[in-house]
Amino acid sequence: MRRVFGSFDLLAAHHARNLLQTEGIGALLKNEILSSGAGEIPPAECQIEVWVLDDDDAVRAEFLLRAGTALARTAAAWRCGGCGESLDPQFTQCWQCGQLRAA
Ligand SMILES: [Zn+2]
C-alpha cells in the first residue's frame, strides 16, 4: 500500500478515493475517524489519507489526482471577455453575446 493523497478536508479525501475507484484503482481512506479529533491530536496526524492498495498503481493514482484537481480548479464560474456576463462553468460560450470561453 502507498499513500497518494492527504487532506484535512474529508470531502476532498472522499472525492480523491472515488476518483481512483472510478478508474479501477483500489484505494482506501485512513484516519477518517481520527479527523474528528482535530485539536486533541497534532494536526499532521489528523490528515485524512488516501492509500492505494497496489503500489504499482501509485504513479497513475497521483497523476489522476493532479489532473482531477486541475479540472476542479477550472470548473469555476467565468466572466465573458466580450460583454462581462457571468457564466456557469458548464457553458463554453456566452449566451449573451456568443463569445467563446477563453482557454
Ligand atoms: Zn458575452
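Scope of the values below: all heavy atoms of this structure, side chains included, with no hydrogens, waters or symmetry mates. Keep in mind it's a predicted model, so treat the numbers as computed, not measured. Each ligand, and each atom within it, is numbered from 1 in the order the structure gives.
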Could you check whether any side-chain heavy atom of L11 comes within less than 4.5 Å of a side-chain heavy atom of D9, counting everything from C-beta outward?
yes
What do the steps show when you test H14 against E32 for side-chain contact (heavy atoms from CB on, under 4.5 Å), and what is the final call?
CA-CA 9 Å; H14 270 269; E32 194 178 359; 2.8 Å; yes
For V4, the option from L64, V50, V59, D57 that meets side chain to side chain contact (heavy atoms under 4.5 Å, CB included)
V50
So Q99 and E85, do their side chains get closer than 4.5 Å, heavy atoms only?
no
Listing by chain and number, what protein N/O/S atoms are under 2.8 Å from the Zn ion (ligand 1)?
C80 SG, C83 SG, C94 SG, C97 SG
Tell me who clusters with L53, hydrophobic residues only, linked when side chains sit under 4.5 Å apart either directly or through other members.
M1, L28, W51
Hydrophobic clustering (ILVMFWY, side-chain heavy atoms < 4.5 Å, transitive) - are W95 and W78 grouped together?
yes
